[in-house]
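Okay, structure first, notes after.
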Amino acid sequence: MRRTPLALAFATTLALAACSPASEEATTPAADTAADTADAADASASADRDAQTDPMDAILAGDWRDPANSARDGFRHPRETLAFFGVGPSQTVVEISPGGGWYTEILAPLAQGKGRYVGIINDPAKSGNERAQQYYANANAKLREKLAARADVYGNATLVEIDPTAPVMGEPGSADVVLTFRNVHNWVMAGNEAAMFKAFFDVLRPGGVLGVVEHRAAAGKTLEEVKTSGYLPEDYVVGLATAAGFVLEEKSEINANPADTKDHPNGVWTLPPSNNHEEADKAKYAAIGESDRMTLRFVKPQAEAAPAN
């Protein structure tokens with residue numbers, strides 16, 4: 001059976017922990033007993049270390065990751081973000097609009113063999129105009145090629161095409177976690193944000209988690225003031241989720257960037273990685289880095305008990 005790079009990394013760790021050179025010196029029975037006790041203690045400590053091994057170590061260092069994507073880890077904080085959302089290897093994880101697969105490179109290998117990764121993409125035929133149809137057709141084809149090129153890593157990944165105006169993302173209650181990274185502003189501009197959040201709620205099991213990362217507007221800004229900038233008011237995003245039935249469980253500043261002034265000429269796309277700005281301003285925006293982002297964890301409430309008769 002062929003092992004994935006991730007499995008090989010784990011196997012190597014276990015092999016190194018298990019192998020130690022035997023002593024060539026003769027020992028007395030008492031010495032043998034002491035040696036056995038020491039070996040048992042070493043084995044126990046080794047087992048404890050192995051149990052604590054973080055699979056993210058091997059995933060983040062994986063050779064399947066695009067070097068340009070890995071270079072952005074300092075801005076996107078994948079280890080901390082996924083830990084905050086409680087993402088684990090045995091879960092069914094649904095990622096919304098994975099784009100070029102930045103997080104797919106991390107989430108799909110994490111689920112390989114134990115869990116399940118589902119990427120939700122737009123059905124080109126359901127797009128509103130020919131330009132959008134071509135865009136999604138090309139983007140979807142590239143993502144499929146990416147997954148097919150490394151079946152050893154992405155073999156359990158599934159892509160599901162949806163109509164963004166009436167999305168169905170899977171069987172009701174079939175997902176443990178739904179994740180969306182920097183997508184909500186697109187749905188707001190398209191006017192289908194409420195439908196998307198309802199679909200998140202429907203596909204999650206009771207107790208399941210919705211993790212949202214989104215560009216955060218300056219305090220006090222209204223939706224109408226920032227709607228086309230790529231930034232959104234945090235309370236508006238929280239309102240979308242709670243209106244769909246979610247409960248806000250916790251906020252995090254993992255993806256905050258105080259250097260982001262949020263008043264850029266081309267909105268959030270002025271900043272890296274889009275860098276939609278004059279060449280003369282390259283150093284200015286590179287110094288700011290990527291956007292200031294909210295990181296929100298919501299939960300789908302457990303089903304209420306039926307009232308007693």
Side-chain angles (χ1 to χ4, degrees), residues 75-76 81 84-85 94-99 103 120 122 126-129 131-132 135-136 162-167 169 178-204 209-277 285 288-301:
F75 291 116
R76 302 200 68 172
T81 299
F84 175 69
F85 292 145
V94 176
E95 182 189 6
I96 313 300
S97 300
Y103 257 107
I120 302 298
N122 282 2
K126 303 297 183 181
S127 300
N129 56 65
R131 181 180 179 184
Y135 171 84
Y136 287 116
I162 62 165
D163 176 353
T165 64
M169 299 176 178
V178 170
L179 301 173
T180 170
F181 302 100
R182 301 147 65 128
N183 294 310
V184 182
H185 60 279
N186 292 317
W187 306 324
V188 170
M189 287 188 283
N192 54 26
E193 66 271 34
M196 293 296 288
F197 275 82
K198 180 183 183 300
F200 305 159
F201 191 87
D202 291 343
V203 77
L204 276 168
V209 169
L210 169 64
V212 178
V213 177
E214 180 54 56
H215 311 293
R216 178 166 50 194
K221 291 290 185 180
T222 67
L223 177 63
E224 291 306 314
E225 288 177 306
V226 298
K227 187 174 182 179
T228 60
S229 71
Y231 294 97
L232 290 176
E234 186 171 299
D235 60 354
Y236 179 75
V237 177
V238 172
L240 285 173
T242 54
F246 290 102
V247 174
L248 177 63
E249 195 169 51
E250 192 173 352
K251 302 179 183 182
S252 172
E253 293 300 297
I254 293 167
N255 294 299
N257 181 3
D260 182 7
T261 56
K262 311 175 186 185
D263 56 356
H264 317 301
N266 294 305
V268 73
W269 301 281
T270 310
L271 298 175
S274 296
N275 291 308
N276 186 10
H277 53 68
Y285 292 113
I288 293 174
E290 297 193 19
S291 68
D292 176 57
R293 278 152 283 140
M294 64 187 90
T295 303
L296 311 172
R297 185 175 74 237
F298 300 92
V299 65
K300 178 176 179 175

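Source: prediction; values computed, not measured.
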Any donor-acceptor pair under 3.5 Å from [X] side chain to [Y] backbone:
X	Y	result
Glu95	Val178	no
Lys221	Val226	no
Asn266	Asn276	yes
Arg297	Phe84	yes

Checklist entry - CD1/Ile254 to OG1/Thr295 distance, rounded to the nearest 0.5 angstrom? => result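 Answer rounded to 0.5 Å: 5.5 Å.
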Next on the checklist: With rounding to the nearest 0.5 angstrom, report the OG1 to CG distance, Thr81 to Asn255.
Outcome noted: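 Between atom OG1 of Thr81 and atom CG of Asn255 there are 4.0 Å.
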Next on the checklist: Test side chain to side chain contact (heavy atoms under 4.5 Å, CB included) on Phe197 and Thr180; report intermediate values, then the result.
Outcome noted: CA-CA 10 Å; Phe197 275 82; Thr180 170; 5.6 Å; no
Checklist entry - What residues, two or more places apart in sequence or in another chain, satisfy salt bridge (charged side-chain N to carboxylate O under 4.0 Å, His left out) together with Lys198? => result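 With sequence neighbours excluded, Lys198 shows a salt bridge (charged side-chain N to carboxylate O under 4.0 Å, His left out) to Asp202, given in chain and number order.
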Checklist entry - In terms of heavy-atom contacts, does CZ of Phe181 have more than 12 from other residues, nucleotides or ligands at under 6.0 Å? => result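 Correct, the count exceeds 12.
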Checklist entry - Listed by chain and number, what are the side chain to side chain donor-acceptor pair (under 3.5 Å) partners of Thr165, not counting sequence neighbours? => result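 Partners of Thr165 by the side chain to side chain donor-acceptor pair (under 3.5 Å) criterion, ordered by chain and then number, come out as Asp163.
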Next on the checklist: The criterion is side chain to side chain donor-acceptor pair (under 3.5 Å); which residues satisfy it with Lys262, sequence neighbours excluded?
Outcome noted: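 Residues passing side chain to side chain donor-acceptor pair (under 3.5 Å) with Lys262: Asp292.
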Flag side-chain contact, heavy atom, 4.5 Å: [X] against [Y]:
X	Y	result
Phe201	Pro301	yes
Phe200	Phe246	yes
Trp187	Leu240	no
Thr270	Pro265	yes

Next on the checklist: Once salt bridge (charged side-chain N to carboxylate O under 4.0 Å, His left out) is applied, what residue pairs with a partner in residues 178-195 remain, sequence neighbours excluded?
Outcome noted: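 Qualifying pairs, neighbours excluded: Arg182-Glu290.
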Item to check | salt bridge (charged side-chain N to carboxylate O under 4.0 Å, His left out) contacts in which one or both residues fall within residues 228-248, not counting sequence neighbours | outcome: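 For residues 228-248: Arg216-Glu234, Glu234-Lys251.
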Next on the checklist: Would Ile96 and Leu179 count as a side chain to side chain contact (heavy atoms under 4.5 Å, CB included) here? Give the steps.
Outcome noted: CA-CA 6 Å; Ile96 313 300; Leu179 301 173; over 6 Å; no
Next on the checklist: side chain to side chain contact (heavy atoms under 4.5 Å, CB included), that's the test. Do Tyr103 and Arg76 meet it? Break it down for me.
Outcome noted: CA-CA 10 Å; Tyr103 257 107; Arg76 302 200 68 172; 3.9 Å; yes
Checklist entry - Where do Lys227 and Val188 come nearest, in terms of heavy atoms and distance? => result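 What the structure gives for the nearest pair is CE-O, 3.6 Å.
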Checklist entry - If you look at every heavy atom in Gly289 and Pro272, which pair is closest and at what distance? => result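 Nearest pair, atom of Gly289 first, then Pro272: O-CD, 3.3 Å.
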Checklist entry - Can Glu249 and Val247 be said to form a side chain to side chain contact (heavy atoms under 4.5 Å, CB included), step by step? => result CA-CA 6 Å; Glu249 195 169 51; Val247 174; 5.9 Å; no
Item to check | All side-chain contact (heavy atoms from CB on, under 4.5 Å) counterparts of Val268, not counting sequence neighbours | outcome: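 Counting only residues at least two positions away or on another chain, Val268 forms a side-chain contact (heavy atoms from CB on, under 4.5 Å) with His215, Tyr231, Ser291.
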